[in-house]
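Chain letters run A, B, ... following the sequence lines, proteins first and then strands; every chain starts at 1. These numbers were taken from a predicted model, which means no experiment stands behind them.
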Number of protein chains: 2
Amino acid sequence: MPKVGMEPIRRQQLITATVAAIDEVGLADATVMRIARHAGVSAGIISHYFGGKDGLLEATMRQILSDLGEAVAARRAALSTDAPRAHLEAIIDGNFDRSQVTGPVAKTWLAFWASSMHKPELARLQNVNDRRLYANLCHQFRRLMPREQARDAARALAAMIDGLWLRGALTPEGQDTDRARRLAREYLEQLLVAHDLAAPQTAPLSLES
Amino acid sequence: MPKVGMEPIRRQQLITATVAAIDEVGLADATVMRIARHAGVSAGIISHYFGGKDGLLEATMRQILSDLGEAVAARRAALSTDAPRAHLEAIIDGNFDRSQVTGPVAKTWLAFWASSMHKPELARLQNVNDRRLYANLCHQFRRLMPREQARDAARALAAMIDGLWLRGALTPEGQDTDRARRLAREYLEQLLVAHDLAAPQTAPLSLES
DNA sequence: TTTTATTGATTGAACGTTCAATAAAAAAAT
DNA sequence: ATTTTTTTATTGAACGTTCAATCAATAAAA
């Protein structure tokens, strides 16, 4: 049923179908035919709109990363306060959106993560995203503590977020998003408390670690 | 040059070659021919010793997991004390051995991790390992705090370990093992301090989170 | 009638597996 | 010691399958 202006519709259909196919059988068995069948179109159309399978995979990863970035940005924009703690919590919550919205996205994300180690273009996209998370966290921590401490806090919280999310994606029972978010928030709490204890003049004990 | 008793030698060669091939081009492009070339043998021998490519991949994952388990067990066995804290530190150190010894192993591990989502046999192996880490951590924390707190601490520390390790594997500059281990140890410190502050009678402040 | 969108059979390359042939070592026979 | 036989390990060409990409044919809309 050829109509004009199909391009954006087909592109979205195919990206959605790619995520569905990867969720179903994994990246290795997500053939162009299977993806096309999911979208209800023929295999040839993929090369027509994305130049080939690689183009479609890249576009899919790009959209997942973009969705994640927007989820974080939206929550931060909705904040009425400027407090570092509120922004850090918004970043945490935004990062757990990606799996909350759709389970299949988590599998796709991990598949791309592994694949990015040997595909330069995917590695580039993944790196940009990694740096953004780290930079956002670091910037907020920097308002509360000296640079080196802030860097370590950002590295550790980023690792905690990724680790919780990764374990959730692999768990047979599926992601327990609420618990993951709670644990991440509790860790943030610990980071802030640990700093409050160490730095201010009202320190109740001298705790050298 | 056929000699008797080649089996264990060839099996080890092929497993090592598999890790090398995955490190080089990724799991998707690690063909039997490439693996065989790495080991200096012909492609056919893989089916002979492992029944097929899948058998070789499974054996490779099994060895990586087994090496990790032994690294942890060895460090714990070497402890002179029975203190929970010492065991927890040994578990952390043991888990960072896997990437310390060989960088390629990290890539292989992650590749299997992603692949295990759709290959039941790999999923089984990965699950056994996950549970072991969690159970080990949980058992030690249980000696210091109530059950629910211990479970959360174990979940969080496991996530932190995996997250640090994952980020290290993906970083272009390669894993900074020392820093990762330091961050994990500092987190453990925070977990223990947070509990010491909340529980004992000498609590300096009432910190309800 | 022209343009745009889509199909699906075809093509060529690449893959894992198989198996008859081979070669080296070990064992047996001379 | 030398030769023959048996066993074991290994090869690599052939086979069948699967895949992504191509493109002439087609069909709906403009």
Side-chain angles (χ1 to χ4, degrees), chain A residues 1-61 108 111-112 114-115 118-122, chain B residues 1-22 24-61 108 111-112 115 118-122:
Chain A
M1 327 102 179
K3 275 192 284 195
V4 295
M6 281 280 96
E7 179 156 345
I9 296 171
R10 288 278 179 254
R11 289 182 74 97
Q12 191 52 57
Q13 279 180 334
L14 286 167
I15 287 174
T16 303
T18 302
V19 173
I22 292 176
D23 173 54
E24 202 176 295
V25 296
L27 182 55
D29 292 324
T31 66
V32 291
M33 269 208 181
R34 194 184 293 264
I35 293 172
R37 194 161 4 116
H38 256 283
V41 296
S42 83
I45 211 76
I46 287 175
S47 290
H48 182 247
Y49 281 126
F50 293 95
K53 192 187 183 183
D54 283 347
L56 173 56
L57 295 180
E58 188 189 315
T60 304
M61 185 172 186
T108 307
F112 281 136
S115 182
H118 298 97
K119 299 209 171 179
E121 192 51 34
L122 295 186
Chain B
M1 325 101 179
K3 271 191 287 195
V4 296
M6 280 280 99
E7 180 158 344
I9 296 172
R10 288 279 179 253
R11 289 182 75 96
Q12 190 52 57
Q13 279 180 334
L14 285 168
I15 287 174
T16 303
T18 302
V19 173
I22 292 176
E24 201 175 296
V25 295
L27 181 55
D29 292 323
T31 66
V32 290
M33 269 207 182
R34 194 185 292 265
I35 293 172
R37 192 156 12 108
H38 256 283
V41 295
S42 83
I45 211 75
I46 287 175
S47 290
H48 182 247
Y49 281 126
F50 293 94
K53 192 188 182 183
D54 283 348
L56 173 56
L57 295 180
E58 190 189 314
T60 304
M61 185 172 184
T108 306
F112 281 137
S115 183
H118 298 96
K119 300 210 171 179
E121 192 51 35
L122 295 186

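Straight-line distance from the CD1 atom of B/Ile46 to the P atom of D/dA9: 17 Å, rounded to whole Å. Atoms CZ (B/Phe50) and P (D/dT10) sit 12 Å apart, rounded to a whole Å. Distance, B/Ile45 CD1 to C/dA23 P: 16 Å, rounded to whole Å. B/His48 has its NE2 atom 8 Å from the C1' atom of D/dT8, to the nearest Å. With rounding to whole Å, A/Leu14 atom CG is found 14 Å from C/dT7 atom C1'. As rounded to whole Å, 8 Å separates atom C1' of D/dA9 from atom CZ of B/Arg10. For the pair A/Lys53 NZ and D/dC19 C1', the computed distance is 8 Å after rounding to whole Å.
For the atom pair OG1 (B/Thr108) and CD1 (B/Ile22), the distance works out to 4.5 Å, reported to the nearest 0.5 Å. The line from OG1 of A/Thr60 to CG of A/Leu14 is 8.5 Å long, rounded to the nearest 0.5 Å. A distance of 10.0 Å separates CD of A/Gln13 from CD1 of A/Ile45, quoted to the nearest 0.5 Å.
Listed for the A/His118 side chain is no donor-acceptor partner under 3.5 Å among the backbone atoms of B/Leu27.
Considering only the side chain of B/Val41, D/dT11 comes nearest among D/dT11, D/dA21, C/dT18. In this structure, of D/dT22, C/dT6, C/dT18, it is D/dT22 that holds the atom nearest to the side chain of A/Ser47. When each of C/dT6, D/dA20, D/dT10 is scored by its nearest atom to the side-chain atoms of B/Met6, the top-ranked nucleotide is D/dT10.
Applying the salt bridge (Lys or Arg N to Asp or Glu O under 4.0 Å) rule to A/Asp54 yields the partners A/Lys119; only residues at least two apart in sequence or on another chain are considered. Scanning for side chain to side chain contact (heavy atoms under 4.5 Å, CB included) contacts around B/Ala17 gives B/Ile35, B/His38, B/Ala39, with sequence neighbours left out. Among residues two or more places apart in sequence or in another chain, the side chain to side chain contact (heavy atoms under 4.5 Å, CB included) test is passed with B/Ala59 by B/Ile15, B/Phe50. Annotation: side chain to side chain donor-acceptor pair (under 3.5 Å) contacts of A/Ser115 (sequence neighbours excluded): none.
Applying the salt bridge (charged side-chain N to carboxylate O under 4.0 Å, His left out) test to residues at least two apart or on different chains, the pairs with a partner in residues 30-52 of chain B are B/Glu24-B/Arg34. Within the structure, the salt bridge (charged side-chain N to carboxylate O under 4.0 Å, His left out) test picks out the following pairs touching residues 12-23 of chain A (sequence neighbours left out): A/Asp23-A/Lys107. Applying the side chain to side chain donor-acceptor pair (under 3.5 Å) definition to pairs two or more places apart or across chains, none involves residues 44-53 of chain A.
At the heavy-atom level, A/Gly5 lies under 4.0 Å from the strands shown only through sugar-phosphate atoms.
Look at B/Tyr49 and you won't find any side-chain N or O under 4.0 angstrom from OP1 or OP2 of D/dA9.
The stretch residues 27-37 of chain A comes close to DNA chain D through A/Thr31, A/Val32, each having a heavy atom under 4.0 Å from the strand.
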For nucleotides 13-17 of chain D, which of its nitrogen or oxygen atoms have a protein nitrogen or oxygen under 3.5 Å away, and what is each distance?
none

Evaluate the side chain to side chain contact (heavy atoms under 4.5 Å, CB included) criterion for residues B/Met61 and B/Leu57: first the C-alpha distance (whole Å), next the side-chain angles of each, then the deciding distance (0.1 Å), finally the verdict. CA-CA 6 Å; B/Met61 185 172 184; B/Leu57 295 180; over 6 Å; no
Can you give the dot-bracket line for DNA chain C, where a pair is Watson-Crick or G-U wobble with both atom distances under 3.5 Å, crossing pairs use [ ], and | marks a partner on another strand? ||||||||||||||||||||||||||||||
